[in-house]
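Below, read A as the first sequence line, B as the second, and so on, with proteins coming before strands; counting in each chain starts at 1.
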Amino acid sequence: MTVKTRFAPSPTGFLHIGGVRTALFSWLYARHHGGQFVLRIEDTDRERSTQASIDAILDGMHWLGLDWDEGPVYQTQRFDRYREQADRLLADGAAYHCYCSTDELDAMRAAQVAAGQNPRYDGRCRERTEPVTGVSPVVRFRTPMEGEVVIDDAVRGRVVYANADLDDLVIMRGDGSPTYHFSVVVDDADMQITHVIRGDDHLNNTARQVHIIAALGHKRPAYAHLPMILGEDGARLSKRHGAVNVLEYRDNGYLPDAVLNYLVRLGWSHGDQEIFTRDEMIELFRLEDVNPSASRFSPEKLTWLNQQYIIASPAADLIDGLAAQYRRMDIDMTNGPPLVDVVETYRERATTLAEMAESSVYVFQDFAEIDANAARKHLRGVVRAPLADVRAALAALDPFTADAIQAAIQSVADACELGFGKLGQPLRVAVTGGGVSPPIDVTLALIGRERCLARIDAALEFIDRRIAAAGD
RNA sequence: GCUCCCUUCGUCUAGCGGUUAGGACGCGGCCCUCUCAAGGCUGAAACACGAGUUCGAUUCUCGUAGGGAGCGCCA
């Protein structure tokens, strides 16, 4: 039997980082076995499902390159099927109509909790034969009251539940729509899902679902319940932990492969290896290597990985993302160097494409003012003359390349009996407006001769003003 | 409260009865160096606790503690 997995998010919000990890593991498992991966949108809750969420999920999956072979399947388009299956259970006596009102159920649970009991449906409609007029009933599944259910989970091992601890859950709402527990079971069976890989918040649900599967006469799939991803503080991942929406990572200049690589190492490992290409992940992924304990999300490590990917990626693969960042910053890229050159010179000092764009703005745009600290430290009277000499040398240079620039600065430094840095740093401040940049030669080459000369002139004027002020 | 799950450096993890408990992120130091990075070397840092099983437990079993999940006409 060929492996078939699915990712089944509910479109009630953006695509969550934890959801992505679940999707990734399901996808990897299917790809590893040369099987199929299905995307199913669990939108049975029409109150909370939105088209915007569906779009966000699809966008996120596309951005990450998690492709599916079937779907997206929308559960709202399969209501007839659920109804038909529910009718079957009703006819078999495996399910029954329940006429209890929400108020009645709330009161029942409140009483149970007050009495120190486990809140659960007490089965009061189990044997009812007469309908209640004016009430459109829900359908409840008749869960066995004795015996136990055993689940052999691929990551948890054997888990046993006493049926007596389970209650009769609603499978069809009063309005005729299915609930989650029912639609998953029907869909997984209809789609012939062989492996259900999902978050371990569903582990307890599995016991209930397994009974429905049996009542429907289906074979149950293999289960693998993945540990949760918690926030840095160990609490459940939520908005207050910063970006939990994957698309925010795209917008902040993270690379999809880096995000996937980070996520695959949360709960899964292959010896000491930290960096995996997609092909390696697919080749090496095994459910046996999934760790059962929850893990915390570490933005620092993601950032480190992202930088590793920025360093290792072909420059051509990064320019679209970098351009997007410049566009966000309203920077005109037309009168600057090719973006591949920018990538090559900044890749080792940027952890994200956003950071790369921010730290290279002066390549495309003049800065408003020189950083005060850098200016005070490096644009002093003593460097006036050497700086003017460098300016003259640069003006005469042909071609204006990093090597030639390097040689020119070196010879001026030698002539003035200055160390390279004593001249390089003032030059850096003059040309970039700050004390930090890539090596001065490639920086100047990237900025271009005209801009460099104009900025050096401005710096010389700055020094002159400073000397004049000090002289008064 | 009840049921289920989890527990190795701060974090992610390796380990699958005998190891100086390894790697990675982060942190400190040194080297490299025109700044910043990147890179190299290096340091500090962990088996939650208590009983068993065993010649021997980080590893197996059971408790305890701590954390998490579920207990909806949400998924």
Side-chain angles (χ1 to χ4, degrees), chain A residues 8-12 42-45 47-49 98 100-102 105-106 109 112-113 115-121 137-140 151 153 156-157 159-162 164-167 169-175 177-181 183-184 199-208 225 227-228 230 232 234-236 262 265-275 291-305 307-308 311 346-351 359 374 378 406 409-410 413 419-429 432 434-441 443:
Chain A
S10 64
T12 53
E42 307 222 326
D43 54 354
T44 56
D45 182 353
E47 300 274 298
R48 299 197 298 163
S49 297
C98 169
C100 298
S101 67
T102 308
L105 293 172
D106 287 347
R109 291 190 189 101
Q112 288 168 332
V113 170
Q117 293 172 324
N118 197 7
R120 56 205 295 279
Y121 183 67
V138 301
V139 177
R140 278 189 192 273
I151 295 151
D153 190 90
R156 306 281 144 182
V159 183
V160 181
Y161 292 89
D165 290 332
L166 276 21
D167 64 352
L169 73 192
V170 173
I171 59 175
M172 294 293 278
R173 299 187 182 94
D175 67 2
S177 64
T179 61
Y180 160 76
H181 287 291
S183 56
V184 245
D200 78 4
D201 46 339
H202 289 290
L203 184 58
N204 289 310
N205 293 332
T206 308
R208 311 152 168 284
H225 286 94
M228 313 224 62
L230 308 173
E232 280 180 282
R236 195 171 186 159
Y262 176 71
R265 287 283 292 104
L266 245 35
W268 175 83
S269 61
H270 181 257
D272 285 341
Q273 191 170 342
E274 293 288 350
I275 296 181
N291 183 322
S293 53
S295 48
R296 300 188 189 202
F297 187 84
S298 165
E300 289 82 14
K301 189 162 181 183
L302 202 210
T303 296
W304 171 76
L305 260 173
Q307 178 168 35
Q308 295 302 309
I311 290 172
Y346 286 87
R347 67 193 328 163
E348 277 178 5
R349 56 211 99 219
T351 59
S359 56
H378 298 290
Q406 170 74 18
I409 298 171
Q410 188 66 61
F420 189 94
K422 291 285 185 217
L423 184 52
Q425 199 56 11
L427 189 53
R428 170 170 286 117
V429 175
T432 69
V436 174
S437 87
I440 195 65
D441 51 351
T443 303

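- Across all strands, P9(A) comes closer than 4.0 Å to no nucleic acid atom at all (heavy-atom distances).
- No donor-acceptor contact under 3.5 Å links the side chain of N205(A) to the base of G70(B).
- No N or O donor and acceptor, one from the side chain of R120(A) and one from the base of C71(B), sit under 3.5 Å apart.
- Counting non-hydrogen atoms under 4.0 angstrom, P292(A) reaches the backbone sugars and phosphates but no base.
- Using a 4.0 Å heavy-atom distance criterion, R428(A) is classed as a base contact.
- A salt bridge is defined here as a Lys NZ or Arg NE, NH1 or NH2 lying under 4.0 Å from an Asp or Glu carboxylate O, and D43(A) with R48(A) fails to meet this definition.
- Among the atoms of the strands shown, base atoms are found under 4.0 Å from some heavy atom of R48(A).
- Under 3.5 Å, the side chain of D201(A) and the base of G70(B) form no donor-acceptor pair of N or O atoms.
- Nucleic acid contact for V184(A): none, since no nucleic acid atom lies under 4.0 Å from a heavy atom of the residue.
- Within the structure, a side-chain polar atom (N or O) of T44(A) is placed less than 4.0 Å from OP1 or OP2 of A75(B).
- Using a 4.0 Å heavy-atom criterion, one finds that H181(A) contacts the bases of the nucleic acid, with or without backbone contacts as well.
- In terms of polar N and O atoms assigned as donor or acceptor, the side chain of N204(A) comes within less than 3.5 Å of the base of A69(B) in a complementary pairing.
- For E274(A) against G23(B), a side-chain N or O and a base N or O form a donor-acceptor pair under 3.5 Å.
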